[in-house]
There are 2 protein chains.
Amino acid sequence: MNSSILTIGHLARQTGTKVETIRFYEKNGLLPEPSRTEGNYRAYEPDHLNRLSFIRRARDLGFSLDQIRALLALSDNRGQSCAAVDAIASKHRAEVEKKISDLMALKTELDRMIDQCGCGVVADCRIIETLSPK
Amino acid sequence: MNSSILTIGHLARQTGTKVETIRFYEKNGLLPEPSRTEGNYRAYEPDHLNRLSFIRRARDLGFSLDQIRALLALSDNRGQSCAAVDAIASKHRAEVEKKISDLMALKTELDRMIDQCGCGVVADCRIIETLSPK
DNA sequence: ATATGACCCTGTATACGCTACAGGGTCATA
DNA sequence: TATGACCCTGTAGCGTATACAGGGTCATAT
């Protein structure tokens with residue numbers, strides 16, 4: 001058979017993805033269903049590998065699967081305006097910024113709480129006290 | 001009946017928690033099972049309210065339910081050393097710090113990617129290009 | 001007495017993004 | 001022909017809730 005045909009295991013190794021995750025992406029419409037061999041094995045082509053690499057890169061950058069689905073659809077329409085792509089990426093960046101500022105506020109509170117702990121007995125613990133209702 | 005007895009709805013309103021969430025905490029061992037009325041309604045006492053307030057405060061500070069279970073157990077042993085409490089809080093703070101630095105690294109990458117976008121057509125889009133395999 | 005509507009009950013399904021089985025089939029190599 | 005690496009499907013689990021279906025209870029209004 002064609003030497004460019006890949007099994008799911010090859011795809012997994014080449015993209016650092018678990019086999020189950022690849023099947024999960026297929027079931028969730030991110031990766032098109034490949035054809036099958038006589039023995040019912042998935043037979044991938046180079047395009048599948050490219051698409052999976054794209055997905056993994058986007059996941060590493062924290063995009064949701066929904067966002068990735070949209071990015072994939074856009075990247076398949078190469079003549080379209082890039083503004084929609086920019087919108088998705090910018091929205092994601094805004095979400096990341098929000099998370100960072102939420103976590104920094106959280107850390108400030110944790111710092112205050114932990115710094116007060118004199119590490120005596122629980123009855124006098126400022127951490128427990130901070131959590132307890134008045 | 002006793003005027004200090006509370007329904008689940010009262011507990012919910014007083015702590016800003018959804019009724020389903022309170023039942024969820026009970027099923028997961030964070031809130032002890034209250035006694036029941038004749039009509040099989042949960043009948044809470046002030047202690048339940050205090051405990052739920054504690055849980056919500058800790059959740060607001062980002063502690064996991066496992067960590068909260070441990071904090072609750074510790075706060076019930078008031079003569080014990082406070083070091084275990086400090087350990088849980090410090091571990092949580094470290095996790096928060098890790099998340100912040102991960103997200104800041106992510107944001108740097110997103111910034112770089114988005115700043116390159118000239119917003120022409122998808123074929124020339126730097127965002128798509130960044131995501132695509134070489 | 002009854003009707004309404006607010007509240008409560010249990011149990012199950014859903015969300016996200018996987019991961020981990022169980023129980024089987026296929027394929028290459030010794 | 002036997003082994004072991006690989007593949008298949010289907011289901012359940014993680015954490016932290018939220019939502020809903022289909023029913024029961026309770027207080028108030030008429």
Side-chain angles (χ1 to χ4, degrees), chain A residues 1-3 5-31 33-44 48 52 54-72 91-92 95-96 99 102 106, chain B residues 1-3 5-31 33-44 48 52 54-72 91-92 95-96 99 102 106:
Chain A
M1 303 177 186
N2 194 325
S3 67
I5 290 304
L6 300 155
T7 65
I8 197 168
H10 286 120
L11 236 66
R13 276 186 294 278
Q14 291 192 34
T15 59
T17 312
K18 303 232 161 170
V19 166
E20 292 96 332
T21 304
I22 297 175
R23 289 196 282 246
F24 168 82
Y25 288 155
E26 179 184 319
K27 198 169 50 176
N28 286 274
L30 285 142
L31 214 46
E33 290 184 32
S35 56
R36 300 287 182 126
T37 65
E38 283 181 24
N40 199 33
Y41 283 19
R42 284 171 181 79
Y44 291 103
H48 287 102
L52 179 55
F54 185 104
I55 294 168
R56 296 304 286 180
R57 244 173 262 256
R59 285 296 298 139
D60 285 346
L61 288 170
F63 287 97
S64 72
L65 297 189
D66 266 357
Q67 289 171 324
I68 295 171
R69 247 184 298 267
L71 289 172
L72 283 167
K91 178 152 182 274
H92 175 49
E95 287 159 0
V96 170
K99 264 186 210 159
D102 286 354
L106 191 55
Chain B
M1 302 171 190
N2 194 325
S3 66
I5 291 305
L6 301 155
T7 67
I8 198 168
H10 286 119
L11 236 66
R13 277 187 293 279
Q14 291 192 34
T15 60
T17 312
K18 304 234 162 168
V19 165
E20 293 95 332
T21 305
I22 297 176
R23 289 196 280 248
F24 168 80
Y25 288 157
E26 177 183 320
K27 198 169 49 177
N28 287 274
L30 285 142
L31 213 46
E33 291 184 31
S35 55
R36 299 288 182 125
T37 66
E38 281 180 26
N40 198 32
Y41 283 19
R42 286 171 179 79
Y44 292 103
H48 287 103
L52 179 55
F54 184 105
I55 294 168
R56 296 305 286 180
R57 247 174 261 256
R59 286 296 297 140
D60 285 347
L61 288 169
F63 287 97
S64 72
L65 297 190
D66 266 357
Q67 290 172 322
I68 295 171
R69 246 185 297 267
L71 289 172
L72 283 168
K91 178 153 183 272
H92 176 47
E95 286 160 2
V96 169
K99 262 187 211 157
D102 286 354
L106 191 56

Does the pair B:L71 and B:H92 meet the rule for a side-chain contact (heavy atoms from CB on, under 4.5 Å), with working shown?
CA-CA 12 Å; B:L71 289 172; B:H92 176 47; over 6 Å; no
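- Defined by atom type and a distance below 3.5 Å, a donor-acceptor pair is present between the side-chain atoms of B:R56 and B:T17.
- B:I5 places its CD1 atom 15 Å from the P atom of D:dC26, with the value rounded to the nearest Å.
- Comparing B:R56 and B:G39, the nucleotide of DNA chain D nearest to each residue sits closer to the 5' end for B:R56.
- Between A:E38 atom CD and C:dC27 atom C1' the separation is 12 Å, expressed in whole Å.
- The shortest distance between the side-chain N/O atoms of A:K18 and the OP1/OP2 oxygens of C:dA20 is below 4.0 Å.
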Salt bridge (charged side-chain N to carboxylate O under 4.0 Å, His left out) between A:R42 and A:E26, worked out
CA-CA 11 Å; A:R42 284 171 181 79; A:E26 179 184 319; 2.8 Å; yes
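- Relative to the side chain of B:R36, the nucleotides C:dC9, D:dC7, C:dC18 differ in distance, and C:dC9 lies closest.
- If you check D:dA17, D:dA19, D:dC7 against the side chain of A:I8, the one that comes closest is D:dC7.
- Considering only the side chain of B:F24, D:dT16 comes nearest among D:dT16, C:dC9, C:dC18.
- Regarding contacts with the backbone of C:dG17, every side-chain N or O of A:Y25 stays at 4.0 angstrom or more from both OP1 and OP2.
- If you measure from atom NZ of B:K27 to atom P of C:dC9, you get 13 Å, rounded to the nearest angstrom.
- Closest to the side chain of A:T21, out of C:dC8, D:dT18, C:dT19, is C:dT19.
- When rounded to the nearest whole Å, the span between CG of A:L65 and P of C:dT14 equals 18 Å.
- Contact between A:P34 and A:A43 at its shortest, heavy atoms only, is CB-O, 3.5 Å.
- Under a 4.0 Å N-O distance rule, the pair A:K91/A:E95 qualifies as a salt bridge.
- C:dA30 and D:dT1 make up a base pair, with Watson-Crick or G-U wobble contacts both under 3.5 Å.
- C:dC18 atom P lies 15 Å from atom CD of A:E26, rounded to whole Å.
- Checked against D:dC8, D:dC20, C:dC16, the side chain of A:Y41 finds its nearest nucleotide in D:dC8.
- Taking a cutoff of 4.0 Å between a charged side-chain nitrogen and a carboxylate oxygen, A:R69 and A:D66 qualify as a salt bridge.
- Nucleic acid contact class of B:F63 (heavy atoms, under 4.0 Å, all strands): none.
- Checking C:dG23 for Watson-Crick or G-U wobble geometry (two distances, each under 3.5 Å) identifies D:dC8 as its partner.
- Closest to the side chain of A:R42, out of D:dC8, D:dA17, C:dC9, is D:dC8.
- Atom CG of B:L30 is separated from atom P of D:dG15 by 12 Å (rounded to the nearest Å).
- Look at CD on A:E33: it is 14 Å from C1' on D:dC8, rounded to the nearest Å.
- Among D:dT18, D:dT11, C:dC9, the nucleotide with an atom closest to any side-chain atom of B:N40 is C:dC9.
- Residue A:R23 is classed as a base contact, given a heavy-atom separation below 4.0 Å to a base.
- Summarising the geometry, the separation between OH on B:Y44 and P on C:dC7 is reported as 16 Å, rounded to the nearest angstrom.
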